Number of protein chains: 2
Amino acid sequence: MSPRKLEIFQTALSLMKSKGYANTTMRDIASAVNMEAASLYNHITSKEDLLAITCFDLANQFEKGILEVNDIYFDAKEKLRMAIEAHTQILTANLDASYVFLHEWRHLSADKLNEFKQRRDNYENGFIEILKLGENEGVFNEVDEKFVVITILSTLNATIEWYKPNGSLSPKQVAQKLSDFILNGLLNTKN
Amino acid sequence: MSPRKLEIFQTALSLMKSKGYANTTMRDIASAVNMEAASLYNHITSKEDLLAITCFDLANQFEKGILEVNDIYFDAKEKLRMAIEAHTQILTANLDASYVFLHEWRHLSADKLNEFKQRRDNYENGFIEILKLGENEGVFNEVDEKFVVITILSTLNATIEWYKPNGSLSPKQVAQKLSDFILNGLLNTKN
DNA sequence: CCTACCGATCGGTAGG
DNA sequence: CCTACCGATCGGTAGG
């Protein structure tokens, strides 16, 4: 991707994060990178492409993450911690893109929307495997896995609402906090 | 609100849930209620009004809930459980409206957007009070309250992604599951 | 990378 | 509640 194309993507994602996909016009993006709207089409093929490339690039990263985790680790608790860490690393390294990915995917055209939903389901199934393994090991509570996986992912994804890349917490530390909360809950068990 | 106006609101919210606010046109709404777009304006004043009324009606309900809970209960753990239950009751009783409230509030005009954000912050502060009380009592872990309140609310709000109003779980049972998960986490502590 | 422009569609109004 | 319509704006193309 050329520097100019990268600039267009980053600018577009930043605008879409604050105004939404539908309210971000090609003219908005163009003026933010100091060109005319028509000129954008020398770098990208359509507005939807900005969204689709962003969504599927992140989907690739998330899928790669869960596959590696399920390959490398064997213990359910460790698997879950590492899956949470992989997810958190991707989110925090791509804050604007993640925001668009999580909030604007509905604007994909029908074909791409179907593919997107299917790949999201696959990703959730990767977590469900870990939960089932942990239940079999007696390490996790018996739960409705679908409920818990949505709960866990919602918790992880909320990171983009409060995470400051220049703050005091590294992505790894964020992942640690998230894992601790998900595994142990809010109650103080030392009393 | 007249029956016809109610029908327009419910239809509009259902459309906005599946297509988003920006992609739902007045013509879409009109044809779904078998009238012309121009006729809608005999019942509502603008498209944004549909959004604004929905958002602020729910905001009122949420605020009323947390105020009552903080009034009636004294024990932090019970307060948290009851705040979770109030939140869950409102979500499950207004699934389409909640979806629009949670995903489309960004499309409010500047003035209303500011008011909305401020009231959301107030609501979060209601939960933060409970968390601080619980920490002082030694019942809750010492946490970063801002992190935890966003995590908790994300967990609660995810309910609208999987809850089926005609399924086997009552809103109260859902609230129980959510509270258990948030308080105790995923780990099986009986082993 | 720009000028010039198009067809489509939008939220909303006038007038009945 | 409808017909008729408007001004604005949109994503995108032609041609250079």
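The chains referred to below are lettered A, B, ... by the order of the sequence lines, with proteins before strands, and numbering in each begins at 1. Values in this document were obtained by computation on a predicted structure and should not be read as measured data.
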Nucleotide nearest B:Arg27 when distance is taken to its side chain, options C:dC1, C:dG12, D:dA14 = C:dG12

Of the nucleotides D:dG11, D:dA14, D:dC2, which has the atom closest to the A:Ala38 side chain?
-> D:dA14

Find the distance A:Leu40:CG to C:dC1:P and express it as a whole number of Å.
-> 9 Å

When you look at NZ of B:Lys19, are more than 12 heavy atoms from neighbouring residues, nucleotides or ligands closer to it than 6.0 Å?
-> yes

With a 4.5 Å heavy-atom cut-off, do B:Arg81 and B:Leu183 have their side chains touching?
-> yes

Looking for any heavy atom pair under 4.0 Å, which part of the strands does B:Thr45 touch: base, sugar-phosphate only, or nothing?
-> nothing

Take the protein atom NZ of B:Lys47 and the nucleotide atom P of D:dA8, then report the distance between them rounded to whole Å.
-> 19 Å

State plainly whether the residues B:Glu104 and B:Lys17 are in salt-bridge range, i.e. N to O under 4.0 Å.
-> no

Report the distance from atom CG of B:Asn42 to atom P of D:dT3, rounded to the nearest whole Å.
-> 14 Å

Just how far, in rounded Å, is P of C:dT9 from CG of B:Asn23?
-> 13 Å

Whole-Å distance separating the CG atom of B:Asp28 from the C1' atom of C:dT9 | 11 Å

Nearest to side-chain heavy atoms of A:Glu36, which nucleotide of C:dT3, C:dG12, C:dC10 = C:dT3

Salt bridge or not for A:Lys132 and A:Glu145, using N-O below 4.0 Å?
-> no

What's the NE2-P distance between A:His43 and D:dT13, to the nearest Å?
-> 15 Å

Report the distance from atom OH of B:Tyr41 to atom P of C:dG12, rounded to the nearest whole Å.
-> 4 Å

Send over the distance from A:Asn34 CG to C:dC1 P, rounded to a whole Å.
-> 10 Å

Residue B:Thr25, side-chain heavy atoms: nucleotide from C:dG12, C:dC10, C:dC1 that is nearest = C:dC10

Write down the partner of D:dA14 under the Watson-Crick or G-U wobble criteria, each distance required to be under 3.5 Å.
-> C:dT3

Under 6.0 Å from the six-membered ring centre of B:Tyr21 and within 45° of its axis: does the NZ or CZ of B:Lys47 meet both?
-> yes

